[in-house]
Number of protein chains: 2
Amino acid sequence: MNTIPKTSRKQIRVVIAEDQGMVLGALAALLEIEGDITVVARAKNGKEALRAVLAHKPDVFITDIEMPEMTGLDVAVELKRQHKDTRVIILTTFARAGYLRRALDAGASGYLLKDMRAEELAEAVRRVQQGLRVIDPELATEAWGDPDPLTDRERQVLRLAGDGVTSLDIANDLGLSEGTVRNYLSEAISKLGAANRTEAARIARTKGWL
Amino acid sequence: MNTIPKTSRKQIRVVIAEDQGMVLGALAALLEIEGDITVVARAKNGKEALRAVLAHKPDVFITDIEMPEMTGLDVAVELKRQHKDTRVIILTTFARAGYLRRALDAGASGYLLKDMRAEELAEAVRRVQQGLRVIDPELATEAWGDPDPLTDRERQVLRLAGDGVTSLDIANDLGLSEGTVRNYLSEAISKLGAANRTEAARIARTKGWL
DNA sequence: CCGCCTGTGTGACATTTGTCACGACCAGCG
DNA sequence: CGCTGGTCGTGACAAATGTCACACAGGCGG
């Protein structure tokens with residue numbers, strides 16, 4: 001435990017976005033007890049988060065990826081587009097190369113996994129606030145392995161197929177012919193080294209390509 | 001914020017199990033600041049959790065469901081089997097009727113969702129410690145809807161099929177004939193009102209039957 | 001003991017899926 | 001300008017999948 005008061009230096013102001021209320025509240029509690037960090041706003045979805053960041057202009061913005069309304073990554077992209085200088089930390093369950101890549105493209109300063117030790121979060125916030133980058137080490141190495149080999153159409157088709165939608169229905173949905181859909185799926189299956197559409201979808205999902 | 005010290009009455013001793021370190025630490029922090037609750041041990045998987053509960057005999061045991069080694073539900077079942085009187089609260093992401101049913105069968109006193117407000121967790125702990133039950137209201141109503149229609153074999157086969165394993169491979173895995181596997185899948189598909197194995201698996205998963 | 005359900009199996013058949021080869025169109029790029 | 005890659009399509013064929021009817025064993029409740 002740390003008994004040295006950290007309140008003496010200037011406070012780090014953060015906004016947190018996370019759709020699971022329990023986790024949101026708990027993370028806020030965790031950061032607040034550090035003393036040198038103040039949670040100025042909380043958001044339960046992407047749009048709320050974006051508004052909160054624009055309104056409060058915090059030093060650091062911590063966000064989950066998978067949220068209603070708007071993805072954490074989408075929010076990061078929007079902040080970058082508006083040239084806001086709030087630093088962004090992505091905090092997620094998923095150790096997926098595709099997510100990390102997209103996070104970095106969106107100008108995120110940190111990418112942490114929820115299964116890290118809780119104490120590291122506060123430390124990461126401090127590092128990021130000083131302009132450093134914090135990437136989960138496990139991910140950092142593995143990440144630059146394989147880029148997404150799928151084209152947009154392939155991804156789109158595979159996503160539906162992975163939910164059990166039939167080739168014909170996919171064709172109708174997207175305004176294509178059934179043969180074309182089968183061609184895309186065949187391509188995707190071969191690119192991913194899968195045996196069928198279901199396995200292909202599973203693989204793509206775990207890589208963060210879907 | 002609550003400024004009234006709750007430490008005057010006797011402390012409630014809890015053990016928490018949750019595989020995501022960040023969430024585990026954050027929940028512990030959240031409960032500790034309540035004052036009347038002490039986290040006596042933390043576990044990152046089911047087996048650790050079981051050992052911790054047996055060793056510390058806490059008043060309340062809070063656990064996630066999906067964890068390595070052993071499911072939170074499995075731990076609850078084992079505690080019931082050993083006639084331990086620690087009360088169990090299941091805290092999970094999934095609002096699935098099947099999970100709730102199994103949790104209650106396992107003698108759990110609480111079933112809460114991670115997207116509830118964080119403040120409610122401490123309150124739930126107090127209620128449960130007093131012998132009350134705490135079930136997420138949304139779930140409580142919806143729960144007694146539909147019982148799992150699948151037989152063990154159907155479930156087993158569907159699980160594999162949902163991961164993209166081929167009928168023939170499933171047959172070899174389970175020591176069945178391919179035709180039999182196809183029969184089970186056909187049955188499962190019709191029971192679930194799905195159009196194919198993939199959709200059937202998806203449906204079963206969202207219902208908590210897989 | 002008689003049904004009834006589950007688990008297991010077969011065979012036949014229709015449909016869906018996966019593969020291949022091929023062609024057309026268009027955009028971007030050297 | 002010609003090449004390349006992505007998109008979209010057709011047709012044909014092989015393999016996997018889904019459906020049905022039927023059969024036989026074992027267990028369990030009436």
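In what follows, every heavy atom counts, from backbone to side chain, and hydrogens, waters and symmetry copies are set aside. Note on naming: letters A, B, ... go to the chains in the order of the sequence lines (proteins, then strands), and numbering restarts at 1 for each one.
Protein atom CG of A/Asn196 is 10 Å distant from nucleotide atom P of D/dG18, rounded to whole Å. Rounded to whole angstrom, the span from the CD atom of A/Glu187 across to the P atom of D/dG9 amounts to 16 Å. Protein atom CD1 of A/Ile170 is 14 Å distant from nucleotide atom P of D/dG9, rounded to whole Å. Look at CG on A/Asp152: it is 6 Å from P on D/dT7, rounded to the nearest Å. One atom, CG of B/Leu158, and another, C1' of D/dT17, lie 14 Å apart when rounded to the nearest Å. D/dT10 atom C1' lies 11 Å from atom CZ of A/Arg182, rounded to whole Å.
At a cut-off of 3.5 Å, with distance as the only test, no side-chain donor of A/Gln130 or A/Arg127 sits close to an acceptor on the other residue.
Heavy atoms of A/Thr151 sit under 4.0 angstrom from primed sugar atoms or phosphate atoms, though from no base atom. The residue B/Ser190 sits apart from the nucleic acid: no heavy atom pair falls under 4.0 Å. Looking at heavy-atom distances under 4.0 Å, B/Leu168 makes no contact with the nucleic acid at all.
A side-chain contact (heavy atoms from CB on, under 4.5 Å) with B/Ile90 is found for one member of B/Leu113, B/Leu112, B/Leu100, B/Leu73 and no other, namely B/Leu73.
Here the side chain of B/Asp19 pairs no donor or acceptor atom with the backbone of B/Asn45 at under 3.5 angstrom. When atom types are taken as modelled, the side chain of B/Glu18 and the backbone of B/Gln20 share a donor-acceptor pair closer than 3.5 angstrom. Using a distance-only test at 3.5 Å, with no hydrogens or angles considered, a donor-acceptor pair links the side chain of B/Asn196 to the main chain of B/Thr198.
Comparing A/Gly175 and A/Lys191, the nucleotide of DNA chain D nearest to each residue sits closer to the 5' end for A/Lys191.
Protein chain B contacts DNA chain C from C/dG7 to C/dA12, reading 5' to 3' and using non-hydrogen atoms of the protein with a distance under 4.0 Å.
When the side-chain nitrogen and oxygen atoms of A/Tyr184 are compared with OP1 and OP2 of D/dT7, none of them lie within a distance under 4.0 Å. The shortest distance between the side-chain N/O atoms of B/Ser167 and the OP1/OP2 oxygens of D/dA16 is not below 4.0 Å. Regarding contacts with the backbone of D/dC8, every side-chain N or O of A/Ser177 stays at 4.0 angstrom or more from both OP1 and OP2. In this model, the phosphate group of D/dG6 is not approached by any side-chain N or O of A/Arg153 to a distance below 4.0 Å at OP1 or OP2.
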Going through the distances and angles, do A/Thr180 and A/Arg153 end up as a side chain to side chain donor-acceptor pair (under 3.5 Å)?
-> CA-CA 10 Å; A/Thr180 304; A/Arg153 272 308 199 195; over 6 Å; no
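Under 4.0 Å is where a charged nitrogen must lie from a carboxylate oxygen, and between A/Glu48 and A/Arg51 no such pair does.
The side chain of B/Asn183 lies closest to D/dA21, out of D/dC8, D/dG18, D/dA21.
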